Amino acid sequence: MKYFILFGPPGAGKGTQATAMVEKYNLRHISTGALLRKEIAAGSELGLKAKALIDAGELVPDEIVEGMIESEFRTVKDVAGFLLDGFPRNTTQAEHLDAILAKTDDNVTSVVSIMIPDGTIKERIRHRAAIEGRADDASEETINNRIATYHDKTEPLVDYYKKSGKYNEVDGLGTIEEVRDKIFSLMDRF
Ligand code: AMP
């Protein structure tokens with residue numbers, strides 16, 4: 001099994017690019033954000049717990065998303081690998097992922113990072129808000145907090161994965177097709 005991590009700030013285009021990536025490389029797309037939004041829509045206890053944090057632009061507790069990832073790894077078999085989108089989000093989650101994969105002698109195949117400058121993040125989120133109507137895209141305060149959370153908690157993972165030689169970055173500016181082609185030529189190597 002291959003384990004790809006799709007990395008990047010909010011609004012970088014991870015969800016959009018993931019669709020093309022999973023199709024071309026026969027991967028299972030695991031978006032922790034999408035799984036959490038599904039729990040919220042279903043009105044589950046977990047969803048209720050997550051909603052307040054998501055609406056505030058904070059991360060939900062590590063155990064919640066770690067449990068979701070493990071259960072997907074256990075149940076999905078008929079694919080060439082997994083594409084993790086929005087996970088890991090901090091160093092604790094990255095270490096936990098390494099530990100889960102070590103149990104089956106696996107490890108992270110590669111990190112594909114889509115980078116866009118801070119100035120473009122808000123523009124992209126505003127555009128998405130008009131299309132998808134996500135609650136956490138609607139408030140300026142939530143967006144600012146998500147960007148701060150990204151810099152504070154998630155960005156240190158760039159160094160974490162650079163140290164293990166797993167980190168690869170593509171420029172996220174340009175058309176969807178241009179970015180997709182850059183990602184494909186990178187992924188063709190693995
Ligand atoms: P996303 O769809 O990846 O932008 O995620 C939306 C929100 O879900 C985030 O702002 C977090 O509140 C929460 N979330 C998603 N993935 C994680 C994660 N790996 N760890 C903690 N919180 C997460």
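Note that ligands are numbered from 1 as they come in the structure, with each ligand's atoms numbered from 1 the same way. Nothing here was measured: the structure is a model prediction, and the numbers come from that model.
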Identify all side-chain donor-acceptor contacts of residues 165-174 below 3.5 Å with residues at least two apart in sequence or on another chain.
| residue | atom | partner | partner atom | Å |
| --- | --- | --- | --- | --- |
| Lys166 | NZ | Val108 | O | 2.9 |
| Tyr167 | OH | Ser113 | OG | 2.9 |
| Tyr167 | OH | Glu169 | OE1 | 2.5 |
| Asn168 | ND2 | Ser110 | OG | 2.9 |
| Asn168 | ND2 | Lys166 | O | 3.3 |
| Asp171 | OD1 | Leu173 | N | 3.0 |

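- Counting only residues at least two apart or on different chains, the ring-ring contact (aromatic ring centres under 6.0 Å, His included) pairs with a member in residues 59-104 are Tyr3-Phe73, Tyr3-Phe82, Phe73-Phe82.
- A cation-pi arrangement is absent between Lys2 and Tyr25, since the terminal nitrogen or guanidinium carbon is not both under 6.0 Å from the aromatic centre and inside a 45° cone about the axis.
- Nearest heavy atoms, Ala94 versus Pro88: N-CB, 3.5 Å.
- Applying the salt bridge (charged side-chain N to carboxylate O under 4.0 Å, His left out) test to pairs two or more places apart or on separate chains, those with a residue in residues 53-62 are Lys51-Asp55.
- A donor-acceptor contact closer than 3.5 angstrom links the side chains of Asp98 and Tyr160.
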So what's ligand 1 close to, N/O to N/O, under 3.5 Å?
| residue | atom | partner | partner atom | Å |
| --- | --- | --- | --- | --- |
| ligand 1 | 2 (O) | Arg37 | NH1 | 2.9 |
| ligand 1 | 2 (O) | Arg37 | NH2 | 3.2 |
| ligand 1 | 2 (O) | Arg134 | NH1 | 3.4 |
| ligand 1 | 3 (O) | Arg89 | NH1 | 3.0 |
| ligand 1 | 3 (O) | Arg89 | NH2 | 3.3 |
| ligand 1 | 4 (O) | Arg89 | NH2 | 3.4 |
| ligand 1 | 4 (O) | Arg134 | NH2 | 3.1 |
| ligand 1 | 5 (O) | Arg89 | NH2 | 3.3 |
| ligand 1 | 12 (O) | Glu58 | O | 2.6 |
| ligand 1 | 16 (N) | Thr32 | OG1 | 2.8 |
| ligand 1 | 16 (N) | Gly86 | O | 3.3 |
| ligand 1 | 16 (N) | Arg89 | NH1 | 3.3 |
| ligand 1 | 19 (N) | Gly86 | O | 2.9 |
| ligand 1 | 19 (N) | Gln93 | OE1 | 3.0 |
| ligand 1 | 20 (N) | Gln93 | NE2 | 2.9 |
| ligand 1 | 22 (N) | Val60 | N | 3.1 |

